[in-house]
2 protein chains.
Amino acid sequence: MGALQVLSAEQEADPDAGPDGLSLALVLGALSDPIRLAIVSELADGSERSCGSFDLGIAKSTRSHHFNVLVEAGILTRRVEGRIRKLKLRRDALEARFPGLLDAVLGGSRR
Amino acid sequence: MGALQVLSAEQEADPDAGPDGLSLALVLGALSDPIRLAIVSELADGSERSCGSFDLGIAKSTRSHHFNVLVEAGILTRRVEGRIRKLKLRRDALEARFPGLLDAVLGGSRR
DNA sequence: GAGATATTACGACGTCCGTCGAACGATCCG
DNA sequence: CGGATCGTTCGACGGACGTCGTAATATCTC
């Protein structure tokens with residue numbers, strides 16, 4: 001599991017990653033945390049939101065950490081806009097690589 | 001493992017688990033390991049196999065550990081038959097709780 | 001430039017996870 | 001019974017993970 005992060009942001013050095021750097025184990029691992037699941041749920045409608053607009057009950061730095069995990073797994077994109085980072089779900093890339101996965105996860109999360 | 005086992009084998013004490021004890025985060029966490037993904041893949045056809053019939057390149061005890069994780073997440077059942085434990089995928093329960101998830105995961109794993 | 005705002009980076013700390021070897025328990029077979 | 005087979009349990013170890021507070025960076029505003 002352990003992988004030293006040496007690569008450039010969105011590109012992962014994962015053994016079984018596809019052409020676009022998406023690895024199933026990495027994606028599932030990123031989604032296996034309730035907080036990150038909540039983040040993804042809130043972005044499910046395709047909206048683009050700033051990091052600070054998420055009201056999870058955790059410290060700023062912890063939030064940032066979870067965003068990092070999601071971006072590095074290829075689940076989210078982060079776009080800089082002034083002093084704000086806009087986060088967005090990579091629904092198309094995810095759907096292309098793992099058809100049906102995102103919908104299944106999102107469907108199962110709001111029960 | 002972490003939790004003290006006070007419940008009856010298949011019942012987990014997970015905060016956001018459904019009636020049948022299946023929790024999305026727990027299931028995704030269990031599937032986020034390449035070895036466990038391989039185990040589930042091999043059971044995808046609904047067959048019932050003994051623990052020893054899996055040729056993963058790891059120690060017996062490690063194998064046993066991974067089977068435990070999968071059973072405790074509600075993904076597999078373990079049935080004792082003589083000195084052999086037969087493992088089987090809980091496809092129906094999984095499908096009922098997280099429709100489409102298993103197929104999406106299995107589809108994405110054999111690329 | 002000074003100050004405020006948004007977010008990341010850096011250590012640090014405790015816990016959980018994957019791995020192993022060795023020991024144990026249960027079962028089958030001679 | 002004695003040995004072989006199948007699998008689990010136990011204790012240990014190193015590394016990864018989630019969490020935090022604080023410091024740093026970048027941007028906007030005055």
Side-chain angles (χ1 to χ4, degrees), chain A residues 1-10 12-15 23 25-40 43 48-73 75-88, chain B residues 1-5 9 12-15 23 25-40 43 48-73 75-88:
Chain A
M1 228 135 278
L4 302 176
Q5 302 289 76
V6 193
L7 293 138
S8 62
E10 310 236 344
E12 293 305 307
D14 210 272
S23 138
L26 203 62
V27 167
L28 293 177
L31 294 176
S32 71
D33 182 286
I35 291 183
R36 292 195 290 264
L37 224 31
I39 294 171
V40 171
L43 290 169
E48 206 175 22
R49 296 180 47 181
S50 71
C51 298
S53 73
F54 291 85
D55 189 21
L56 319 153
I58 54 177
K60 275 188 306 178
S61 48
T62 306
R63 235 181 343 174
S64 201
H65 161 69
H66 286 304
F67 290 136
N68 261 330
V69 173
L70 287 168
V71 169
E72 280 166 17
I75 297 174
L76 262 47
T77 52
R78 194 162 25 191
R79 188 169 61 83
V80 179
E81 188 181 290
R83 64 183 148 178
I84 281 176
R85 270 74 168 174
K86 295 272 192 157
L87 296 163
K88 198 174 160 216
Chain B
M1 327 250 90
L4 301 177
Q5 300 291 75
E12 292 304 307
D14 207 273
S23 139
L26 203 62
V27 167
L28 293 177
L31 293 176
S32 71
D33 182 286
I35 291 183
R36 293 196 289 264
L37 225 31
I39 294 171
V40 171
L43 291 169
E48 206 176 21
R49 296 180 48 182
S50 71
C51 299
S53 74
F54 292 84
D55 189 21
L56 319 152
I58 54 177
K60 272 190 309 178
S61 50
T62 307
R63 235 181 344 172
S64 202
H65 161 69
H66 286 305
F67 290 136
N68 263 329
V69 173
L70 287 168
V71 169
E72 281 167 16
I75 298 174
L76 262 45
T77 52
R78 193 163 26 192
R79 188 170 62 82
V80 178
E81 189 182 288
R83 65 183 148 175
I84 280 176
R85 268 75 168 174
K86 294 273 193 158
L87 295 162
K88 197 175 159 213

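Sequence lines set the chain letters: A, B, ... in the order given, protein chains first and strands last, and positions in each chain run from 1. Reckoned from all heavy atoms, side chains included, excluding hydrogens, waters and symmetry mates.
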Residue met sooner reading DNA chain D from 5', once Arg83(A) and Ile35(A) are mapped to nucleotides: Ile35(A)

Presence of Ser61(B) side-chain N/O under 4.0 Å of dC20(C) phosphate oxygens OP1/OP2: no

Under 4.0 angstrom between Arg36(A) side-chain N/O and dG18(D) OP1 or OP2: yes

Residue Lys60(B), side-chain heavy atoms: nucleotide from dT8(D), dT7(C), dT29(D) that is nearest: dT8(D)

Nearest-angstrom distance from the residue atom CZ of Arg49(B) to C1' of dC6(D): 15 Å

Spacing of Ile84(A) atom CD1 relative to dT7(C) atom P, expressed in whole Å: 6 Å

Between dT8(D) (P) and Phe54(B) (CZ): distance, integer Å: 11 Å

5' precedence on DNA chain C between Ser50(A) and Thr62(B) (nearest-nucleotide basis): Ser50(A)

Flag, side chain of Arg36(A) to backbone of Ala30(A), donor-acceptor distance under 3.5 Å: yes

Distance test, side-chain N/O of Arg78(B) to OP1/OP2 of dT8(D), below 4.0 Å: yes

Heavy-atom check, side chain of Leu87(A) versus side chain of Thr77(A), under 4.5 Å: no

Length of the CG-P vector between Leu31(B) and dC17(C), whole Å: 15 Å

Heavy-atom check, side chain of Asn68(B) versus side chain of Arg78(B), under 4.5 Å: yes

pair Arg63(A)-Ile35(A): side-chain heavy atoms closer than 4.5 Å: no

Given dG21(D), dC20(C), dG7(D), the nucleotide with the shortest approach to the side chain of Arg85(B): dG7(D)

Side chains of Lys88(B) and Leu43(B) in contact at under 4.5 Å (non-hydrogen atoms): no

For atom CG of Leu70(B) and atom P of dG18(C), their distance in whole Å: 10 Å

Nearest-Å distance for atom pair CD1/C1', residues Ile58(B) and dG18(C): 9 Å

Nearest-Å distance for atom pair CZ/C1', residues Arg79(B) and dT8(D): 18 Å

Whole angstrom value for the distance that separates P of dT5(C) from CZ of Arg63(A): 15 Å

Minimum-distance nucleotide (side-chain atoms of His65(B) versus dT8(D), dT7(C), dT19(C)): dT19(C)

5' priority, DNA chain D, between Ser53(B) and Ser32(A) [closest heavy atom]: Ser53(B)

Residue-phosphate contact under 4.0 Å: Asn68(A) side-chain N/O, dA9(C) OP1/OP2: yes

Nearest-nucleotide pick for His66(A), side chain only, options being dC20(D), dG18(D), dA23(C): dG18(D)

